[in-house]
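Labels below follow one simple rule: chain letters A, B, ... track the order of the sequence lines, proteins then strands, and each chain is numbered from 1.
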Amino acid sequence: MIWRIEKRTAALARPHAWLFPVSLAFAVAAGACIFSALGVSPLAAYGTMARGAFGSFYHFSEVVVRAIPLMLTGLAVAVAATMLLWNIGCEGQLVWGGIFAAGTGLYLIPHLPPFLAIPAVIAAGAAGGLLWGLIPGLLRAYLAVNEILSSLLLNYIAIIFMEHLYFGPWRNPEGFGFPGTAQIGEAARIPHWFGTRIHLGLVLALVMAALVFAALRYTRWGYQVRAIGLNPQAARYAGFRIRGQIVFIMGLSGALAGLAGMAEVSGIHFRLQQGLAVGYGYDGIIVAWLARLNPLAVPLVALLLGALIVGGEQLQSVLHLPASISMVLEAVLLFGLLLSESLARYRLVRRAAGEETSAAGKGLP
Amino acid sequence: MIEDLAFIGQIAVKSSIAVLLATLGEIVAERSGILNLGVEGMMLTGALCAAAAGIATGNPILAVAAGTLAGGLLALVHGFFAVTLRVNQVLSGLALTLLGMGVTSFLGRPLIGIAPGVRLRAVPIPGLADIPVIGDIFFRQSPLAYLAYVLVPLCWYWIFHTGTGLKIRAVGEDAAAVDAAGIDVFRIRYLCTFAGGLGAGLAGAYLSLSYTPGWKESMTGGQGWVAIAMVIFATWNPLRAVVGAFLFGGLTALQFYFQAVGVELVPAYVLKMLPYLLTIAVMILVNVGPGRRFGGPAALGVPFSREG
């Protein structure tokens, strides 16, 4: 007897309904194995994570705080992937959003009133990400440079430059050697609500999700983007300006990631410092694909990943397990998604060795 | 002046070995049609396992073997998803990198700051090391560097001048035709993915045993990604991989040189960016340069299944 993987003859009734639960179950099971191997009861570990993420209103508010940048980077990856472009450079675009936001708040408009300063900082953040996103877009459109590699390598360059700024020319003169810029003024900080760290970035992210969804679904531009994503060859024959769209989409994607960096600087840290590039750009890839590139699903998946991150930190403080366990679980979640997608398309068939596979595999009408 | 050149050259070679080894591995994998973006994760895993085995046993051979094998085993995860489950190879590779980053950050915590168990120091090759300049640059290096010197022509010969190499290249071009000829596509792709992981694992072992002995979180610093870009620059040819890796190493060496001399011709942060900028630049160069070049295996990233 041998096992074979064959294409399913009939499509599953509702594959999307169970893809996500299967990936989640896969990740939970893998996590349980890891915890057991470390000598920690999986129940205790998951209980700690759940209490850390949902134990109180304050805890949940921290989940939302983490989810805000994830929503924006998730949208950034999703909008690019709709046109078959891989923006792996969200981390760098986020950093540039933060640099522009901090620079604007610190040096350009230190004395504006809030109703002018906040829009200026938001626009600056988007512009910073947009400019950094344009680079891989232009390289891809006009020089055929693979955008996966160029956008990723640009992350390292952005982070080196940011470090140069807060270790060097932008370092806080009254910071006692602490690496970071001075704090931006009160007027340039986006408002917080409910006595928590939840800030205006949440509204911004949700509005962006709705806008991106509507633009992709209901406008002529969105139709073109989706058409190029489905069949670039056909779109080219239809006369769509593909190069222009590539540049535009990468700029838009960068701007979304830049907003995430702006929100982190103007809503959380109030300065440029070490904690800005913590991997939200990479997490955005997972968010986008778990959401199946649907902009409306992105905020929900971002909440899930936010809970995972906060839960991981709780594991560190309660059970003294390194918080990077959440990164492991994220990767397993992505593998789980790939596994479930494969299960939706293929099935495992057992048959005697030597038996011809094609007849059984394709026989049903 | 000559001494400076020898100094820069020696560090340039030293800094290029990890990228070179990882590039060689990825060339083998991609030649069979498997795009593995997990190089960074496999390198980190290789570095951690080599460092851990070094501390546990103190045996250099076991340490190198542990790191290399760890990279290969992690690659098999990608192999299972890419070859057997036929999923999107870009996503699977990215997941592998995230997995490698997470697992090494998680498991490596206790090893941070612990004195390395194995240090592979430079071993001058008798005779060759005494050649002026050239000897200093190439023949006063880590034993793993010499291994890399040997692997480059071996890899090239394997891919271009053996029956197995022909099959590998054919699978990368047109898997269905190879399958029709009665050759096991799955076996070749698994083998090449595994070989690619061995290369990345060995590269990681070089970093944590020789280049900067000891474990440091995310100590690869993007070299895995540089290696993937250098595969394109090398037009999937192991001999040309040497050029890309050496350019990368050369720019890394300039940082050390200016630091050592104490001159700041170029600001330090710009020097730190240069290797990454160079990698982007060579990807542009390979596209705008004159003449028609090999654009990569036709079936790169395309899953194979008999049902089509």
Side-chain angles (χ1 to χ4, degrees), chain A residues 4-7 34 38 81 86 88 135-136 139 142-146 148-150 152-158 160-165 167-168 279 282-283 285-286 289 312 321-339 341-343 345-346 357-358 361-362, chain B residues 35 37 40-41 77-78 80-82 84-88 90-110 217 221-222 225-226 228-229 231-232 267-281 283-288 295 305-308:
Chain A
R4 297 196 156 274
I5 289 181
E6 284 182 358
K7 212 166 216 156
I34 298 172
L38 292 166
W86 294 89
I88 316 292
I135 302 174
L139 288 177
Y142 294 99
L143 296 170
V145 173
N146 180 315
I148 302 177
L149 296 167
S150 63
L152 187 118
L153 290 164
L154 286 166
N155 289 343
Y156 290 95
I157 296 171
I160 291 169
F161 187 71
M162 171 178 71
E163 286 174 350
H164 162 68
L165 286 178
F167 276 110
Y282 300 106
D283 298 340
I285 302 164
I286 301 176
W289 285 91
L321 294 172
S324 40
I325 183 75
S326 51
M327 209 199 293
V328 178
L329 291 179
E330 278 175 28
V332 175
L333 204 55
L334 193 49
F335 275 125
L337 175 81
L338 293 172
L339 179 70
E341 287 204 329
S342 186
L343 286 176
R345 278 186 293 133
Y346 302 98
T357 55
S358 57
K362 287 178 176 169
Chain B
L35 175 68
L37 296 183
E40 183 83 358
V77 175
H78 180 68
F80 177 69
F81 277 87
T84 304
L85 296 182
R86 300 159 202 164
V87 303
N88 182 321
V90 173
L91 267 185
S92 169
L94 287 173
L96 199 69
T97 284
L98 289 173
L99 185 70
M101 284 163 56
V103 166
T104 54
S105 156
F106 183 75
L107 296 176
R109 193 63 51 102
E217 198 170 320
W225 293 103
V226 171
I228 299 172
V231 172
I232 300 174
Y269 73 96
V270 176
L271 280 176
K272 265 168 89 179
M273 291 175 184
L274 279 182
Y276 305 106
L277 284 170
L278 164 101
T279 309
I280 296 175
M283 283 197 294
I284 299 172
L285 214 82
V286 82
N287 283 340
V288 298
S305 74
R306 279 196 169 159
E307 298 112 46

Engaged part of V77(B) at the chain A interface, taking heavy atoms whose separation is under 4.5 Å: side chain

Region of L38(A) that comes under 4.5 Å of a non-hydrogen atom in chain B: side chain

Residue part contacting chain A, namely of T104(B), when any heavy atom lies under 4.5 Å: neither

Note, L96(B) side chain near F81(B) side chain (heavy atom, < 4.5 Å): no

Donor-acceptor contact present, side-chain S326(A) to main-chain G312(A), <3.5 Å: no

Validation row: E341(A), V87(B) side chains within 4.5 angstrom (heavy atoms): no

Chain A contact via Y276(B) - which portion, at a heavy-atom distance below 4.5 Å: both

Max heavy-atom pair count under 4.5 Å with chain B, selected residue of L334(A), I157(A), V332(A): I157(A)

I232(B), part contacting chain A, at a heavy-atom distance under 4.5 Å: side chain

CD1 on I228(B) to CG on N146(A), rounded to 0.5 Å: 9.5 Å

Side chain H78(B), main chain A95(B), donor-acceptor under 3.5 Å: no

Toward chain B, the part of L153(A) with a non-hydrogen atom under 4.5 Å: both

Proximal component of I325(A), with respect to chain B [non-hydrogen, under 4.5 Å]: both

Which of S105(B), P275(B), G41(B) touches chain A most, by non-hydrogen pairs under 4.5 Å: S105(B)

Contacting region of F167(A) [heavy-atom separation from chain B under 4.5 Å]: neither

Pick from V103(B), L98(B), T97(B) with the largest number of heavy-atom pairs that fall under 4.5 Å of chain A: L98(B)

Residue part contacting chain B, namely of I148(A), when any heavy atom lies under 4.5 Å: side chain

Any R109(B) side-chain heavy atom under 4.5 Å of S324(A) side chain: yes

Interchain contact, I285(A) with chain B, by part (heavy-atom threshold 4.5 Å): side chain

pair M273(B)-F161(A): side-chain heavy atoms closer than 4.5 Å: yes

Option that, when pairs with chain B are counted at under 4.5 Å, heavy atom only, ranks first among L143(A), V145(A), V328(A), L152(A): L152(A)

side-chain contact (heavy atoms from CB on, under 4.5 Å) evaluation trace for W225(B) with T279(B): CA-CA 9 Å; W225(B) 293 103; T279(B) 309; over 6 Å; no

Test side-chain contact (heavy atoms from CB on, under 4.5 Å) applied to E217(B) and M101(B), step by step: CA-CA 9 Å; E217(B) 198 170 320; M101(B) 284 163 56; over 6 Å; no

